[in-house]
Amino acid sequence: MSHAEKATIFNKNEAKVNWHDKALWYVREKRDNAAHNVKEWEYLRDLASAIKANVLSDLDTYLVEFEANALKNGIKIHWASDAEEHNAIIGKILDDNNAEKVVKSKSMLTEECHLNPYLEAKGIEVVDTDLGEYIVQIAKETPSHIVLPAIHKTKEEVDELFQEHLGTKPSNGNPEYLTNEARKHLRGKFLKADVAITGVNFAIADTGGIVVCTNEGNADMGSHLANVHIASMGIEKIIPKEAHLGIFLRLLARSATGQPITTYSSHFNKPAEGKEMHIVIVDNGRTEQLSREDFRASLHCIRCGACMNTCPIYRRSGGHSYEATIPGPIGSILSPGKDLTKHSSLPFASTLCGSCSNVCPVKINIHEQLYKWRQIIVKDVKQPIVKKSILKIAGSVLAKPKLYDFAGKSARFMLKYTPRFMIYSKLNAWGKARELPEIKNENFDQWYKINRKK
Amino acid sequence: MGRDSILKAIKQHKPDLLPLPEIDGARFDDDVNLLDIFKHNVTLVGGSIKEIDKTLIDQEIKKQFPDAKSIVALAEASSLGTISVNKQTNPHDLATIDLAIVNGAFGVAENGAVWISEKESIVRVLPFITNDLVVILSKEQLYLHMLNAYDAISTRDRSFGVFISGPSKTADIEQCLVIGAQGAMSLTILLV
Ligand code: SF4
């Protein structure tokens, strides 16, 4: 199904789409506040972008340096060319340790490699321990956002899922009650796990260490309790020096959720005494992306999700409409590189407003790359698919004026919340980046309370 | 094997060498009151913070956590510990800890984070698995931002260390912030 067709399905539930749209825009606003509070924010972005560009231009050297330093510290290093090798390596480590129970913390890479079904087929119990990921796991779905995996679920839906899977009492979706029940359940899983699998936010060449960032503490609960810790990382996660974390950690959480830093930024340099630590370094299409001059910079991505939160199309079409592990603007650049025909509609799921590029902490020229993919697709992919995509995007996702009626006649509210292309369409906003004027008249919580009652 | 083919593909595809940028740290300098900003940010991220006389620490902790029974106190300023731990302690044995009292190495003003390494926590899982976490921190040990913080730990003995900013939290159910996810339910910083 094309992005537009999927988006049409998502748009059937108007109240939910409106909520999704506003919730993500609210996160975007929190990001703005956080960024404005940092002296020399733009300089930080410049530095981060330049460091990443340097990394890509010398990636093999940094990876070898990282490996040597990690080995020195007693960490075992594995290399995987693709998803299949990645899964096989992890399968073998589990076999070697007679492991039956695995806890996982958030890792988009293991999603990309479809690790869970692989392990489950081997008879291994895998539990996703990030609350959002746990919710989508028991719902038998995939994350719809890389930072907020269950943003597409209402609290009532979570309530029902928990009743079924955790035996909770009906609570009308009380977030505190549900979170606490999940905490109790996951505690048991942490304490019984043989192996913990985590992602990697940054891998540091000059120390051979890795940094994992979470708000929930689930990566640490898993990795410090289990006897074996396996961390999976894409080759692009490397940064040259530990001191560079001083740049990236200042940018990451502020861009992601507006927090000044995640609750936990954990630095793993050596396995704990008597324990094992493994790092799996994965290519899975990344070297190919590196070869594409126009799209190479997409490998700068630090997975903050800011481009999704700000994107008028993402907000109104939902992450699942992209049918890819990484949705949203950045996903729409990465996915066509993997399968151009399957993902040919994604580069058209954009107004090219440029908002994604404006917020990206590592300054990826996302909207320009989307435009470049379009040119390739128009040449290389069968025309009917393309035409259908272009026509349908605007039609199904954005051009439903009725959807915007909920705020009554408040023009100021409309101006604030309507995707910019709706506002600027007469001015031909399709090719130009414009910022919405700053208008503060109602915060999300107020909006939320009023609109949930309707 | 994966390793050689990956490295070969990178060599083949990587662009011409681009320089690593010089970081002009002076641009981030700011003439501000570190203590005020730190306090503000600890509260912002859901923690609580109090300046206190060293001799009153235990009294304060008892007042704040009257029901805590299983207590690990690694900070020498507290004698409330009921359970002792050492490097050989099985982390699973800490599953029912009510309260952990540890020293923080230093704090970071811009984000309210404290650095706690294995030196301070002895058992890595302690600051996460404990129900409540109290960190004793010297107010002399504050840095403005993360670049300064990394300077401060650049020559450490590296095993495990963590920046902790507030209690564990999640907003995964309809973006409603809930304090107390998988890690500690609360974080209290006592400044001495
Ligand atoms: S492309 Fe940029 S904004 Fe989007 S997730 Fe990656 S780092 Fe964040």
Side-chain angles (χ1 to χ4, degrees), chain A residues 23 39-40 43 47 50-51 53-54 56-60 63 79-81 85 129 131-132 135 150 154-155 158 175-176 178-179 183 186 191 207 209 215-218 220-221 224-225 235 240 242-243 245-246 249-250 259-261 263-270 272-273 283 287 290-291 296, chain B residues 1-3 5-7 9-21 23 27-28 30 41 44-45 87 91-92 95 110-113 124-125 128-129 145-147 149-151 154 158-176 178 180-184:
Chain A
K39 192 180 172 206
E40 296 280 10
Y43 180 48
L47 287 172
I51 292 168
N54 163 266
L56 294 184
S57 76
D58 209 8
L59 187 55
D60 50 329
L63 281 167
W79 301 73
S81 294
E85 280 184 28
T129 58
L131 181 60
I135 293 167
T154 64
K155 58 186 175 21
V158 177
E176 274 181 23
L178 295 171
T179 300
R183 174 184 165 97
L186 292 171
L191 288 165
T207 67
N215 277 325
E216 298 185 9
N218 55 318
D220 289 280
M221 285 294 287
H224 302 319
L225 284 169
I235 52 172
E242 188 183 66
L245 288 167
L249 290 190
R250 299 190 73 189
Q259 294 169 261
I261 188 168
T263 301
Y264 304 106
S265 310
S266 301
H267 298 56
F268 296 85
N269 285 88
K270 273 184 197 148
E273 250 177 67
D283 179 348
T287 50
L290 185 67
S291 73
R296 182 178 287 147
Chain B
M1 254 288 287
R3 184 183 189 273
S5 65
I6 292 170
L7 291 174
I10 294 171
K11 277 201 190 89
Q12 208 178 337
H13 296 322
K14 68 181 181 180
D16 293 343
L17 189 66
L18 291 161
L20 199 56
I23 299 169
R27 288 178 66 172
F28 301 111
D30 216 348
N41 282 322
L44 181 83
V45 298
K87 281 198 156 76
H92 293 82
E110 69 158 327
N111 54 28
R124 293 183 184 189
V125 82
F128 307 95
I129 203 167
H145 53 62
M146 291 302 283
L147 287 134
Y150 280 104
D151 279 344
S154 63
R158 291 181 173 83
S159 59
F160 175 78
V162 57
F163 285 105
I164 300 183
S165 170
S168 81
K169 52 184 95 61
T170 180
D172 276 339
I173 300 176
E174 277 200 12
Q175 285 299 290
C176 303
V178 179
Q182 324 311 339

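Only a predicted model underlies this, so the values are computations on that prediction, with no experimental measurement involved. Here is how names work: the chains are called A, B, and so on, in the same order as the sequence lines, proteins then strands, and each is numbered from 1.
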Going by the rule ring pair (Phe, Tyr, Trp, His ring centres under 6.0 Å), which residues pair with A:Tyr264 if we only count those two or more places apart in sequence or in a different chain?
B:Phe128
Pairs of heavy atoms under 4.5 Å with chain B: top-ranked of A:Gly132, A:Gly217, A:Ala150:
A:Gly132
When heavy-atom pairs shorter than 4.5 Å are enumerated against chain B, which of A:Ile51, A:Leu225, A:Thr129, A:Thr207 gives the highest number?
A:Leu225
A:Leu249, part contacting chain B, at a heavy-atom distance under 4.5 Å:
side chain
B:Val45 and A:Gln259, any side-chain heavy atoms less than 4.5 Å apart:
no
Contact winner vs chain B - A:Leu63, A:Asp58, A:Val158, heavy-atom pairs under 4.5 Å:
A:Asp58
Name the region of A:Glu273, side chain, backbone, both or neither, that has any atom closer than 4.5 Å to a heavy atom of chain B.
side chain
Shorter than 4.5 Å, heavy atoms on both sides: which option in A:Leu56, A:Asp220, A:Leu59, A:Ile135 has the most such pairs with chain B?
A:Asp220
Euclidean distance, B:Asp151 CG relative to A:Glu242 CD, rounded to 0.5 Å
10.5 Å
Which atoms of B:Pro15 come close to chain A, meaning under 4.5 Å heavy atom to heavy atom: side chain ones, backbone ones, both, or neither?
both
Between A:Ala80 and chain B, with a heavy-atom cut-off of 4.5 Å, which part of the residue counts as in contact: side chain, backbone, both or neither?
backbone
Are side-chain heavy atoms of B:Ile129 and A:His224 found at a separation under 4.5 Å?
no
With chain A, which of B:Gln12, B:His145, B:Glu110, B:Lys87 has the greatest number of heavy-atom pairs at distances under 4.5 Å?
B:Glu110
Contacts of B:Val178 meeting side-chain contact (heavy atoms from CB on, under 4.5 Å) (sequence neighbours excluded), chain-then-number -> A:Pro175, A:Glu176, A:Thr179, B:Thr170
Heavy-atom distances under 4.5 Å only: say whether A:Leu290 touches chain B with side chain, backbone, both or neither.
both
Return the option, out of A:Leu186, A:Leu191, A:Asp283, with the maximum number of heavy-atom pairs under 4.5 Å with chain B.
A:Leu191
Is B:Ala149 close to chain A through its backbone or its side chain, or both, or neither, when contacts mean heavy atoms under 4.5 Å?
neither
Hey, which of A:Ala243, A:Pro260, A:Gly209 has the most heavy atom pairs under 4.5 Å with chain B?
A:Pro260
Student check: side-chain heavy atoms of B:Asp16 and A:Ser57 closer than 4.5 Å:
no
